[in-house]
There are 2 protein chains.
Amino acid sequence: MQTNTYEQYQENKRFVAVDCVVFGYEDDKLKLLVFQRAIEPAKGEWSLVGGWTNKEESTEDAARRVLQKWTGLQDVYLEQVHTFSDPNRDPGGSVITVEYYALIKIDDKTSNLIKDYGAKWYTLDELPPLIFDHDILVEKALEKLRLRSSYEIIGRKLLPEKFTLTRLRNIYDQIFMRKFDPGNFRKKILSLKVLERLEEKDMSESRKGAFYFKFKPKKEGEFSDPIFKRSI
Amino acid sequence: MQTNTYEQYQENKRFVAVDCVVFGYEDDKLKLLVFQRAIEPAKGEWSLVGGWTNKEESTEDAARRVLQKWTGLQDVYLEQVHTFSDPNRDPGGSVITVEYYALIKIDDKTSNLIKDYGAKWYTLDELPPLIFDHDILVEKALEKLRLRSSYEIIGRKLLPEKFTLTRLRNIYDQIFMRKFDPGNFRKKILSLKVLERLEEKDMSESRKGAFYFKFKPKKEGEFSDPIFKRSI
DNA sequence: GCAAAAGTGTTGTAGTTACACCCATGC
DNA sequence: GCATGGGTGTAACTACAACACTTTTGC
């Protein structure tokens, strides 16, 4: 173990937690994963997935560890959102929390794992009130997700291997809480040349059928798929 | 003192610091404030302004306290940037740092206070290497500042009461590390209607003289001065 | 008059929006 | 044959970039 030059400042040490806003897409709905809190205070109330960090890991690793523990999920997409530190934000004591949002693909396997822990997927409009400042964390995560979604097509982390453009648009409709014009959305997305059309069609949503698409493999070192060229 | 439900998790407690990337504008240059570190390890080397947080305050309050202590500055504009937590980022021990950037108006009073503490203003291109991951923090702060600057005119926090458009453009040139077209920049900024032209001219930079401008008072509850209307 | 920065005008391009319209197919 | 989502085309609008041009004034 490394020597710690700062041990004289012991009394400054803090509780540091991570909280994850977990987004998933199921039954054409953007959903959010919430848990019933396992410890006091507010035991039993709805809360985000969270846990303590420890000093041998980064907060991102802690977030991954916590997600793995509670949901069985691995290799999720994480992005740091914000750090909350109001000493009164948690009635149990002064706790700093580093917030992440996660994007995951919901499949049967994950669904089962999640059920084991008293967790539940809620759509954004049906979300119950959450403990502490977690409602604010959700709002912040959404803002960050919107920002990210305007720089790159985020469906890659939420959708199954093959999907229709209507489904992708549906995600964007829900993230931005508005209706995108189907024609314009299609042209915009296809102009970015990050999707590849498959020969197969999805016949379940319309008579005509809609072509499936998949993401082209992401090139190494390639930064992202900018949706808007404009900058200052 | 409030009771702490979490005391049983003592061994999870962490060192949490704040670091501030302080931007100022002086002699037509965007500058960054760095200090010579006062404690081991890396004592005497250049570092960002930073300090410990304690559990009675938020990290933002800690940042304000630290800035006040080292620079005498009060009422600065702060924005949280990112939280760094790699357990090996600080050779002195596992320390989480919450990063903020600050925008300040440099005047003679602040200059004097700052000199007292072995601090120094550097332009971006002359910045010496900083300790630990602080070079990365600077890069992150710049990115965040660029983002903010494309949503609202940030000069309000950096410039004196009255200023010319050339000076404002000069700030943008340096933040984005490119030359903005003087005519286009002028039209863009004035179209936002957040500036008010004064009758007085600055005759020091040209024969013709350039009108001084000032920011209109910010309306209460008004969010910001968007520079780009476009969204997805 | 000339240099130099301040300030205005003009034109082309490209991203975006709104919306009309055709397509394919199961009923 | 018609309703429905899938998919294409087009015209108007607007932000932006490039750049020409005019203004002012000290030297």
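Not measured: the values here are computed from a predicted model. Proteins get letters first, then strands, A, B, ... in listed order; numbering begins at 1 in each.
- Side chain of B:Asp181 to main chain of B:Asn184: a donor-acceptor pair is present (N/O by atom type, distance under 3.5 Å, no hydrogens or angles).
- Using a cutoff of 4.0 Å between basic side-chain nitrogens and carboxylate oxygens, A:Asp173 and A:Arg178 are not scored as salt-bridged.
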* Take A:Asp19 and A:Thr97 through the side-chain hydrogen bond (donor to acceptor under 3.5 Å, both in side chains) test and state the conclusion after the steps. => CA-CA 7 Å; A:Asp19 281 303; A:Thr97 195; 2.7 Å; yes

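- In this structure, the ring of B:Trp46 has its center no less than 6.0 angstrom from the ring center of B:Phe35.
- Look at CZ on B:Phe185: it is 17 Å from C1' on D:dA18, rounded to the nearest Å.
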* Secondary-structure string, 5' to 3', Watson-Crick or G-U under 3.5 Å, | for another-strand partners, for DNA chain C -> |||||||||||||||||||||||||||

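- Taking atom OH on B:Tyr212 and atom C1' on C:dA6, their separation rounds to 14 Å, with Å as the unit.
- Checked by atom type, the side-chain pair A:Thr59/B:Ser85 shows a donor-acceptor distance below 3.5 Å.
- For A:Asp202 and C:dT25, the CG to P distance is 14 Å, given to the nearest whole Å.
- The pair B:Lys216-B:Glu196 fails the salt-bridge criterion, with no side-chain N (NZ, NE, NH1 or NH2) lying under 4.0 Å from an Asp/Glu carboxylate O.
- Protein atom CZ of A:Phe180 is 17 Å distant from nucleotide atom P of C:dC19, rounded to whole Å.
- No more than 12 heavy-atom neighbours from other residues, nucleotides or ligands sit within 6.0 angstrom of CG on B:Asp75.
- To the nearest angstrom, C1' of C:dA18 lies 12 Å from CZ of A:Arg178.
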* Asked: If the sugar-phosphate is the primed atoms plus P, OP1 and OP2 and the base is the rest, what is the B/S/- string for nucleotides 3-12 of chain D, using protein heavy atoms under 4.0 Å?
  -> -BBBSBBB--

* Would A:Phe163 and A:Phe213 satisfy ring pair (Phe, Tyr, Trp, His ring centres under 6.0 Å), going step by step from the backbone distance to the final call? -> CA-CA 5 Å; A:Phe163 53 88; A:Phe213 286 80; 7.3 Å; no

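- Remark: C1' of C:dA5 and CZ of B:Arg167 are 13 Å apart, rounded to the nearest angstrom.
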